[in-house]
Each structure stands twice: as C-alpha cells, then as structure tokens.
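Step one of this worksheet: look at the structure below.
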Amino acid sequence: MRFPDRAAAGRALAQQLGHYANRRDVLVLALPRGGVPVAYEVARALNAPLDVFLVRKLGVPGQEELAMGAIASGGVRVLNEEVVRLLGIPDEVIDSVAEAEWRELARRERAYRDDRPPPEVRGRTVILIDDGLATGTTMRAAVAALRQMGPARIVVAVPVAAAATADELRDEVDDVVCLQTPEPFYAVGSWYEDFAQTSDAEVHALLEHAAQDYPADPVP
C-alpha cells in the first residue's frame, strides 16, 4: 500500500500508537525534515508535545559518506570508536568536523524552533519518528544520541521500513512500530504517492502550531 502523503501516513501511524495518548510522560520527536509532517499528525492524535531531534553525521574527511560519529540536539556527540581507531583519526580532526556540523545544527534549530528551548527528555517516553527507514543510519545515530539524554523509554515509529532495518532496530530500542515492511523495499519514496521534499518553512510552521496547542512541559 502506498500512502497518499506524509500527513496521511502520520494519521495511519497514530492509530497504532493509541496506547500512548493523553500521557504526561510522552514526547514526540521528529527527524527533520521529512519526519515532521508524519510526527505532527501523531502528536496531534496522542495529545502530546512535538519537537524535532536534529542529527548531523560526522563524515570522515575525504570519505564523507563514512560516519565517524554524529552530533545531535541537546549537545550530544557520539563517536564510532571502531572507525576512529581503525583510521587513526586524530582528536583535532574530529573536533574540526564537529565544529562545522554544530554550526549547521544550530542554524537549523533556530530556523525550526526560533527561541523556544528544547524539551526535557530525561525520564520521558520518547516516540522518535521519521517518514521511513531504508538503511536506518540516521535513526541509529539519533537513538544513540537520545539514549545519552536519559529517556525512560525510546519508541521508534515509522510508516514504512526495510524489513532488515526494522528488525535490527528492535535490538536497540524499547519498541519499534512500523506499518509496512514491503519486499522488495527499493526506497522510502517508493511507498508515497506524494513524496515532495518538506521545506524548512513547513517544518517551522508545524512546530509553531504544535507548540501553541501542546507545550512541551517537563514531566512533573
């Protein structure tokens, strides 16, 4: 089944997450940009606060597709110690790459949420949402970073995923909710009729709207 668009996929996903509705400890975090329209519908259905969780990969200089780590919202940095050790990457190179990515992450956070502070994650049940999972690289980085912030529970929720990726993630989080794992998978966009790129302006508008209705109050 192909989803008409990300919003429709979000509404379908929300039906499988109903047991998280109206709970003070639940926080919905979207991986921008494509995850935001999906997560907005989920947050609205669950009566839960919504925010973004930004992740920037730290690419090895000259081999940028190879990740030596990642940075994420909340000042979290995660390193792939195996890659760093095998390639003998010095600390100053890691710091230089990370500094550039921190600047970009900060720019995006300002563009998306203006001056609103990031939500409190510690002790909460976090539902981490994207529009789909192919290799799952970004989601894994997000999970690793989020884990360092002390949530009580991490739930990964997506409309569609490659079956192997969904299975692997089940070993890394508390729960994986996925509506479809079609085979052959091809790509995330193959399972949407409308997979137009989500703009920064759309992300900003959805977050602003969600903040007015469901402020991300910390858990009492």
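Under a 4.0 Å N-O distance rule, the pair Glu99/Arg103 qualifies as a salt bridge.
Using bins of under 30°, 30° to 60° and over 60° for the plane-to-plane angle, the ring pair Tyr40/His209 lands in the perpendicular bin.
Interatomic distance, NE2 of His19 versus CG of Leu46, reported as 9.0 Å (0.5 Å rounding). Note that CG of Asn80 is 7.5 Å distant from CG of Leu66, once rounded to the nearest 0.5 Å. The structure places CG of Asp174 at 11.5 Å from CD1 of Ile127, a figure rounded to the nearest 0.5 Å. In this structure, CZ in Arg107 is found 15.5 Å from CH2 in Trp102, a value given to the nearest 0.5 Å. The CG atom of Asp167 sits 9.5 Å away from the SG atom of Cys178 when rounded to the nearest 0.5 Å. The CD atom of Glu41 lies 8.5 Å from the CG atom of Leu206; values are rounded to the nearest 0.5 Å.
Residues Pro49 and Val26 come closest through the heavy atom pair CD-O, 3.4 Å. Shortest non-hydrogen contact noted between Leu31 and Ala142 is CD2-CB, 3.9 Å. For the residue pair Pro37 and Glu202, the shortest heavy atom distance occurs at CG-OE2, 3.8 Å. Here the shortest heavy-atom pairing between Val42 and Gly10 reads CG2-O, 3.5 Å. Of all the heavy atoms in Val158 and Met139, the pair that sits closest is CG1-CE, 4.4 Å. Taking each heavy atom of Asp51 and Pro117 in turn, the nearest pair found is OD2-O, 4.3 Å.
In this structure, Leu105 and Ile71 have side chains that are in contact, with non-hydrogen atoms separated by less than 4.5 Å. A 4.5 Å side-chain heavy-atom check between Val83 and Val60 finds at least one atom pair inside the cut-off. Arg113 places none of its side-chain heavy atoms less than 4.5 Å from the side chain of Glu208. Using a 4.5 Å cut-off on side-chain heavy atoms (C-beta onward), Phe195 and Val188 make contact. With a 4.5 Å cut-off on side-chain heavy atoms, Val155 and Val173 do not count as touching. Arg116 places a side-chain heavy atom less than 4.5 Å from the side chain of Leu207. Taking the side chain as every heavy atom from C-beta outward, Pro151 and Thr125 never approach each other to under 4.5 Å. Contact of the Asp194 side chain with the Phe3 side chain is not registered, since no non-hydrogen atoms from C-beta on lie closer than 4.5 Å.
A distance-only check finds no donor-acceptor pair linking the side chain of Arg6 to the backbone of Asp130 [under 3.5 Å]. Checking side-chain atoms of Gln180 against main-chain N and O of Pro182 turns up no donor-acceptor pair under 3.5 Å. Side-chain N or O atoms of Gln63 include none that pairs as donor or acceptor with a backbone N or O of Pro61 at under 3.5 Å. Judged by distance alone, with hydrogens and angles left aside, the side-chain atoms of Ser73 form a donor-acceptor pair with the main-chain N or O of Leu54 at under 3.5 Å. With hydrogens and angles disregarded, a donor-acceptor distance shorter than 3.5 Å links the side chain of Arg2 to the backbone of Ser190. Between the side chain of Arg147 and the backbone N or O of Glu172 there is at least one donor-acceptor pair closer than 3.5 Å.
Both Met1 and Trp191 are part of a single hydrophobic cluster, where members link through side-chain heavy atoms under 4.5 Å apart.
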> Taking it one step at a time, do Val156 and Arg170 satisfy side chain to side chain contact (heavy atoms under 4.5 Å, CB included)?
Replying inline: CA-CA 9 Å; Val156 168; Arg170 287 189 173 91; over 6 Å; no
> Would Glu168 and Arg140 count as a side chain to side chain contact (heavy atoms under 4.5 Å, CB included) if you check the C-alpha gap in whole Å, the side-chain angles of each, and the deciding distance to 0.1 Å?
Replying inline: CA-CA 10 Å; Glu168 290 164 5; Arg140 282 195 187 87; 2.4 Å; yes
>> Go through it in stages, so that I can follow the logic: the residues are Glu82 and Arg85, the test is salt bridge (Lys or Arg N to Asp or Glu O under 4.0 Å), and I'd like the CA-CA distance, side-chain angles, deciding distance and then a yes or no.
In response: CA-CA 5 Å; Glu82 184 178 6; Arg85 179 173 47 80; 5.1 Å; no
> Could you walk me through whether Arg33 and Asp131 pass the salt bridge (Lys or Arg N to Asp or Glu O under 4.0 Å) check?
Replying inline: CA-CA 9 Å; Arg33 289 173 294 197; Asp131 53 11; over 6 Å; no
> Can you check side chain to side chain contact (heavy atoms under 4.5 Å, CB included) on Ile129 and Leu29, steps first, answer last?
Replying inline: CA-CA 6 Å; Ile129 293 178; Leu29 292 181; over 6 Å; no
>> Between Val28 and Leu128, is the side chain to side chain contact (heavy atoms under 4.5 Å, CB included) condition met? List the steps.
In response: CA-CA 6 Å; Val28 177; Leu128 196 55; over 6 Å; no
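Heavy atoms of other residues, nucleotides or ligands lying less than 6.0 angstrom from CD of Gln197 number 12 at most.
Residues Tyr192 and Asp5 have side chains that never bring a donor and an acceptor to within less than 3.5 angstrom of each other.
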